[in-house]
Amino acid sequence: MTKVICIHNLDYYFGDGKLRKQVLFNINLEIDAGEIIILTGPSGSGKTTLLTLVGGLRSAQSGSLQVLKRELCGANAEQLVQARRCNGYIFQAHNLHGSLTALQNVKMGLELHKYISQQQMQTRSVKMLEQVGLGNHFDYYPAQLSGGQKQRVAIARALVSHPQIVLADEPTASLDSQSGRDVVNLMQKLAKEQSCTILMVTHDHRILDIADRIVRMQDGKLVQEGTVTKNYLI
Ligand SMILES: Nc1ncnc2c1ncn2[C@@H]1O[C@H](COP(=O)(O)OP(=O)(O)OP(=O)(O)O)[C@@H](O)[C@H]1O
């Protein structure tokens, strides 16, 4: 199996001087290509911090964090920008642009990929929106879509560039249980079709079954890891 994420002895601190506070302690985790990993644990345990480090949204100070064979620990701003381009992101608050239609929002997921022509951008975005069941909603603005539909647009935007890694932070938190289930089923289906790795932070116990592996954090440490079983962690 190809490892896409290799984390060894990773520590992370917020702040400087007297305000310096350690929030991640000696994290060790390896993730294979195509795996769906759920990161769970109490509020404040460090899940989002770890996700943002893997995503290149901040730089780790100590240990090793390799993503797609790039060392991100100690990476400079330019290296982090490069790393960010390889990932798709899905957040709780879908982060769609309110002034853009569903189709234009999905195209944004290809804007950074300069080698793709305008025609290809259009074709791929149309196909992706159809795959998430929004073939009849190309010209709708986010305000005209339901929460679940908005989140499906966000999934289409995250996956349209066929990223090797998708990072998702509480993607179902603002959805009712049926919409949440539909959204994660869709993420799982598309990720398996594209052999994409998903690292997802969630408190939502209803969706734990989509994971290949559940990793639990507490007080900035990884405390438990396992494959999914019925009622796991409940
Ligand atoms: N920008 C920041 N500056 C200083 N401390 C921070 C910052 N962001 C998070 N923290 C602290 O880091 C710790 C881990 O926070 P983090 O958001 O990673 O936890 P979490 O497990 O994702 O929590 P939740 O489930 O509530 O989102 C917490 O103690 C938090 O107060």
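We count ligands from 1, going down the list as the structure has it; atoms in each ligand are counted the same way.
Ranking the protein heavy atoms by distance from atom 12 (O) of ligand 1 puts V23 CG1, 3.2 Å first. Protein heavy atom closest to atom 27 (O) of ligand 1, with residue, atom name and distance, is T48 OG1, 3.9 Å. The protein heavy-atom contact nearest to atom 28 (C) of ligand 1 is G44 O, 3.7 Å. The nearest heavy-atom contact from the protein to atom 16 (P) of ligand 1 is T49 OG1, 3.6 Å. When only non-hydrogen protein atoms are considered, atom 19 (O) of ligand 1 lies nearest to G46 N, 3.2 Å. Residue, atom and distance of the protein heavy atom nearest to atom 26 (O) of ligand 1 are S43 OG, 2.6 Å. Taking atom 1 (N) of ligand 1 as the reference point, the nearest protein heavy-atom neighbour is F14 CE2, 3.6 Å. Looking only at heavy atoms of the protein, atom 29 (O) of ligand 1 is closest to K21 NZ, 2.9 Å.
In summary, the atoms of ligand 1 found under 4.0 Å from a heavy atom of K47, numbered by their order in the structure, are 18 (O), 19 (O), 20 (P), 21 (O), 22 (O), 23 (O), 24 (P), 25 (O). For ligand 1, the atoms sitting less than 4.0 Å from at least one non-hydrogen atom of S45 are 19 (O), 20 (P), 21 (O), numbered in the order shown with element in parentheses. Which parts of ligand 1 touch H203 is read off a 4.0 Å heavy-atom cut-off, strictly below it: atoms 25 (O). Below 4.0 Å from some heavy atom of P42 lie the following atoms of ligand 1, by number and element: 21 (O).
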List the steps and the verdict of side-chain hydrogen bond (donor to acceptor under 3.5 Å, both in side chains) for Q122 and Q118. CA-CA 6 Å; Q122 174 77 12; Q118 284 295 325; over 6 Å; no
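Ion pair D32/R213 not flagged as a salt bridge, since none of the NZ, NE, NH1 or NH2 atoms sits closer than 4.0 Å to an Asp/Glu carboxylate oxygen. The pair R206-D204 meets the salt-bridge criterion, with a side-chain N (NZ, NE, NH1 or NH2) lying under 4.0 Å from an Asp/Glu carboxylate O. A salt bridge does not link E111 with K107: none of the charged nitrogens is closer than 4.0 Å to a carboxylate oxygen.
With hydrogens and angles ignored, the 3.5 Å screen pairs no side-chain donor or acceptor of R157 with any backbone N or O of G109.
Classified by interplanar angle (parallel below 30°, tilted 30° to 60°, perpendicular above 60°), the ring pair Y89/F91 is parallel.
Side chains of F138 and E130 form a contact here, defined as non-hydrogen atoms less than 4.5 Å apart. Using a 4.5 Å heavy-atom threshold, the side chains of T48 and T52 count as touching.
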